[in-house]
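So you know, we letter chains A, B, ... as the sequences are listed, proteins then strands, and number each from 1. Just so you know, these numbers use all the heavy atoms, side chains as well, and skip hydrogens, waters and symmetry mates.
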There are 4 protein chains.
Amino acid sequence: MDTAPPAPPSSPSPWLPFESRRRARDEKREAVLRAAVQLFLEQGYHRVTLNEVADRLNITKPALYNYFRGKDEILFECWSMGAELVDGVITEINAGGGSGLAKLRKLVHAYAELMATDFGASLVRFDLRDLAERNAGVARAAKRRIDATFRRYIAAGIADGSIRPCDPKLAAFAIAGSLNWIGHWYRREGKLSPTAIADEFTVRLTDGLAAEVRLQTTKKTPRAPQGRNSGRKATGKKRTGGETG
Amino acid sequence: MDTAPPAPPSSPSPWLPFESRRRARDEKREAVLRAAVQLFLEQGYHRVTLNEVADRLNITKPALYNYFRGKDEILFECWSMGAELVDGVITEINAGGGSGLAKLRKLVHAYAELMATDFGASLVRFDLRDLAERNAGVARAAKRRIDATFRRYIAAGIADGSIRPCDPKLAAFAIAGSLNWIGHWYRREGKLSPTAIADEFTVRLTDGLAAEVRLQTTKKTPRAPQGRNSGRKATGKKRTGGETG
Amino acid sequence: MDTAPPAPPSSPSPWLPFESRRRARDEKREAVLRAAVQLFLEQGYHRVTLNEVADRLNITKPALYNYFRGKDEILFECWSMGAELVDGVITEINAGGGSGLAKLRKLVHAYAELMATDFGASLVRFDLRDLAERNAGVARAAKRRIDATFRRYIAAGIADGSIRPCDPKLAAFAIAGSLNWIGHWYRREGKLSPTAIADEFTVRLTDGLAAEVRLQTTKKTPRAPQGRNSGRKATGKKRTGGETG
Amino acid sequence: MDTAPPAPPSSPSPWLPFESRRRARDEKREAVLRAAVQLFLEQGYHRVTLNEVADRLNITKPALYNYFRGKDEILFECWSMGAELVDGVITEINAGGGSGLAKLRKLVHAYAELMATDFGASLVRFDLRDLAERNAGVARAAKRRIDATFRRYIAAGIADGSIRPCDPKLAAFAIAGSLNWIGHWYRREGKLSPTAIADEFTVRLTDGLAAEVRLQTTKKTPRAPQGRNSGRKATGKKRTGGETG
DNA sequence: CATGAATGAGGGTTCATTCAT
DNA sequence: CATGAATGAACCCTCATTCAT
């Protein structure tokens with residue numbers, strides 16, 4: 001990832017300026033993306049002007065063109081940041097072991113947490129039709145990969161007996177729908193922490209699929225079938241910021 | 001679709017011209033909405049120009065202003081059509097009887113089917129920030145009502161024992177998320193019929209909540225007590241047109 | 001040309017509004033072109049803003065888009081007006097008779113006069129690279145046709161003996177060069193009338209090619225070989241507004 | 001192309017570094033001009049960005065400002081290079097002897113050849129309105145000088161009897177027009193060599209003016225007195241790359 | 001009522017130029 | 001000197017909306 005070898009601290013290598021320039025550049029690029037993704041989520045892509053993005057960074061509009069080719073490329077890069085996060089998660093899960101169900105649960109948990117971040121929410125709240133055709137294609141491909149991963153874990157779970165037989169496609173749709181929706185209703189100011197949401201959704205979305213044991217009944221209350229999902233705090237009436245639809 | 005039945009020619013009531021005028025007007029209004037909602041869904045609100053809407057109706061742009069105050073009002077009326085459909089469903093369910101779980105299942109089924117219609121999808125694919133503040137308020141209130149209904153049915157089910165104890169809010173989020181997402185991935189040209197989707201989602205989304213019996217019949221539970229949809233199975237590889245995210 | 005048959009004066013035909021609308025539209029279109037071509041010639045295409053064009057017509061910039069698709073289309077239409085003038089001239093000459101030399105002289109004369117008009121000068125002073133590729137192709141083709149006509153007349157003259165043998169291509173280049181240059185140096189405020197220029201250039205550019213008689217010695221001074229091109233006024237030192245280069 | 005010959009290593013004159021510095025600087029300046037004039041001719045001044053100029057030289061945009069005050073000054077210097085070439089030609093001709101006609105022929109020949117060079121074409125293909133007013137004035141004056149030279153030679157020819165009486169101004173326009181147009185249609189890749197063009201144009205443009213003998217040798221005048229270019233004939237169908245207009 | 005025409009507001013983009021390093 | 005970054009000024013174009021006919 002980082003190309004430059006660590007400069008010997010004692011030598012004022014002429015490379016350093018380059019490196020630092022490049023780092024500064026990358027940092028600024030990311031700062032633009034952070035500002036942009038926030039505004040895009042807050043107001044919606046079409047209502048955000050590049051002037052607003054620039055203003056928030058205390059620069060001027062054309063300065064943005066030093067880092068991006070245009071507004072839609074900024075949108076794409078925001079989206080990509082989210083996609084990379086998901087890809088990282090998937091790579092890690094694939095590297096680990098476990099049953100299909102176990103992998104699915106890991107994915108659900110991590111994905112739910114991601115949906116509570118700006119770049120994660122980008123994945124589901126940005127309209128791909130706003131992208132240049134070329135980038136839209138890349139994005140569609142990435143979406144397909146993620147979707148395929150959900151289905152693959154489910155299919156693997158069915159194969160290894162950890163998941164009860166079902167249609168992997170529709171099951172993936174149902175699970176991913178719930179998860180994606182988090183990106184629409186989650187508010188940072190709400191009372192539910194991303195982790196709490198992720199914990200709860202992991203149980204709720206995968207329990208119906210599990211072949212044997214239900215997570216919902218935790219070990220602590222092994223025979224309290226109606227025992228309100230003990231341990232996992234009921235959040236009651238606390239505002240989380242959104243509605244279902 | 002069905003045009004007004006020809007007025008009985010024997011009653012030259014002076015009211016009729018009025019009536020027929022108004023009806024003609026309403027029909028045109030609806031025609032505008034049908035054209036608009038399609039375009040809005042196809043291309044996204046901001047990419048659709050009023051000229052396109054007018055062209056599809058073989059009228060001219062300013063003519064639209066005879067029926068609507070502006071573009072955002074058209075968007076709102078499209079949205080409202082969807083909201084009315086949901087309200088109708090809810091009213092009907094409320095009028096009927098049944099346990100909390102039964103009501104929830106009815107709602108899920110009907111809502112899923114609605115998500116496969118243009119006006120239904122409007123509910124979840126249009127951005128409320130595109131509305132005038134006044135209309136946005138109305139829409140937000142409607143969304144809250146729908147969300148509250150989901151929660152109420154769940155809470156009622158918990159109270160009457162048909163649903164296992166859980167957090168109604170998060171459960172509603174999970175269910176509504178899956179349902180809303182249908183509005184994003186469903187394609188009319190796909191292989192899955194709206195009813196099939198609704199059936200499957202009714203099972204999948206409520207089964208985990210059911211206190212006693214599971215609708216989902218698998219080989220492990222050969223005796224599906226209520227028999228409904230029993231045996232429903234994987235739909236295989238048929239394209240439905242979308243991905244999870 | 002005019003499509004509408006003359007309306008019977010006694011009948012207020014419902015067609016008239018249409019016709020008059022269309023006429024008004026065409027008139028405005030042409031007014032735009034006249035204003036634009038002047039500005040383009042005065043200041044150069046890239047220095048002229050659509051606001052200036054609009055201002056000169058007492059309308060606003062976007063109003064121009066009712067008549068043209070964009071700035072470059074206005075440029076193209078100006079150019080086309082000139083091309084049509086030339087085409088008309090050529091058509092007329094072709095319809096008439098005469099030797100190759102006679103036709104060439106007619107063309108030179110008419111072309112020279114055209115170069116003194118705004119639309120005529122457009123032909124040689126606008127940069128085809130400013131056009132959309134599609135229009136540029138059309139323009140290039142038209143240029144080729146005009147060039148071919150020059151060469152054809154010369155070749156015909158050689159064939160019929162009215163023009164002395166020479167390379168039609170280079171001869172055409174030489175003649176057309178002189179003529180085109182008029183479009184660069186001619187100033188309306190100058191002392192030379194377009195007709196005077198055309199007369200003079202007709203003699204000067206074709207006399208060297210003529211096989212037999214030299215026009216330069218007019219009938220009035222049949223044997224005054226060195227007689228200063230009598231009859232055709234020497235313009236002396238009068239300012240014409242430009243230089244050679 | 002040819003870089004400065006290495007300074008004789010034996011003379012460590014303190015001036016040399018200076019000299020070589022200055023020479024290096026001048027060479028770079030010229031390199032910029034060569035790159036710029038090509039781009040300006042290829043694409044047109046307004047479509048060329050300084051970045052493109054810099055890229056072609058493998059330097060960066062601001063570096064150009066070490067050599068020129070701005071884009072329009074680069075344009076002016078390109079133009080000036082061409083003007084200096086013409087001035088050189090004129091100076092040389094003036095230094096030599098000969099009749100007015102002889103001088104005119106020399107000028108036509110040299111000017112035609114110049115039109116086939118980049119800097120020569122600059123003279124007629126760049127728009128003086130793109131220059132700063134100060135430079136535009138200089139350029140206009142230079143153009144006037146060149147024009148005046150054409151007229152002076154013609155007038156001298158009339159006076160010394162080598163040229164038949166005519167209006168020097170219009171004759172100059174006609175000749176210069178043909179010559180200038182070369183700068184518009186000449187293509188290096190074409191079949192006609194600059195010298196061939198110059199030869200042909202020298203004959204064609206001055207023959208009509210000559211008092212006595214015609215350079216142009218046709219079958220009718222088998223005895224070409226001065227023999228120069230005699231027999232030169234039609235170049236056939238070879239592409240030269242341009243049209244007349 | 002419907003239309004053609006016109007408008008005002010605004011956004012994205014480009015680019016020559018400058019400045020600190 | 002050369003560079004990367006930043007800027008200011010413009011310009012084209014789009015489109016919802018209005019108005020006279």
Given E:dA6, is OP1 or OP2 found less than 4.0 Å from the side-chain N or O atoms of C:Tyr67?
yes
Working to the nearest 0.5 angstrom, can you tell me the gap between A:Glu77 CD and A:Asp72 CG?
10.5 Å
Using a distance-only criterion (donor-acceptor N/O pair, under 3.5 Å, no hydrogens), is the base of F:dT17 paired with the side chain of B:Lys61?
yes
Under the criterion side chain to side chain contact (heavy atoms under 4.5 Å, CB included), I'd like the reasoning laid out for C:Val37 against C:Met81: C-alpha separation, chi angles, the key distance, then a yes or no.
CA-CA 10 Å; C:Val37 76; C:Met81 295 284 282; over 6 Å; no
Atom-to-atom span, OH of B:Tyr65 to C1' of E:dA6 - whole angstrom
14 Å
Please confirm whether B:Lys71 makes a cation-pi placement over B:Tyr65, using NZ or CZ under 6.0 Å from the six-membered ring centre and within 45° of the ring normal.
no
Send over the distance from B:Ile59 CD1 to E:dG4 C1', rounded to a whole Å.
15 Å
Walking DNA chain E from its 5' end, the first of D:Leu50 and B:Lys28 to be reached, judged by nearest nucleotide, is B:Lys28
For B:Asp72 and F:dC15, give me the distance from atom CG to atom P, rounded to whole Å.
17 Å
Between the side chains of A:Lys61 and A:Glu52, is the shortest nitrogen-to-carboxylate-oxygen separation below 4.0 Å, so that they form an ion pair?
no
Which heavy atom of A:Thr60 sits nearest a heavy atom of A:Ala54, and at what distance?
C-CB, 3.5 Å
Tell me: CG of D:Leu64 to P of F:dC1, nearest whole Å?
15 Å
Given F:dA9, F:dA6, E:dA2, identify the nucleotide with an atom nearest to the side chain of B:Thr60.
E:dA2
Interatomic distance, C:Phe68 CZ vs F:dC12 P [rounded to whole Å]:
15 Å
At under 4.0 Å between heavy atoms, what does A:Val53 touch on the DNA or RNA strands: base, sugar-phosphate, or nothing?
nothing
Expressed in angstrom and rounded to an integer, what is the separation of B:Glu73 atom CD from F:dT17 atom C1'?
14 Å
B:Asn66 side chain N/O closer than 4.0 Å to the phosphate oxygens (OP1, OP2) of E:dA2?
yes
Between A:Asn58 and C:Asn51, name the one whose nearest nucleotide on DNA chain F is closer to the 5' end.
A:Asn58
Does A:Arg25 make a side-chain N or O approach to OP1 or OP2 of F:dA5 shorter than 4.0 Å?
yes
Starting at the 5' end of DNA chain E and moving along, which residue's nearest nucleotide shows up first, A:Glu52 or D:Tyr45?
A:Glu52
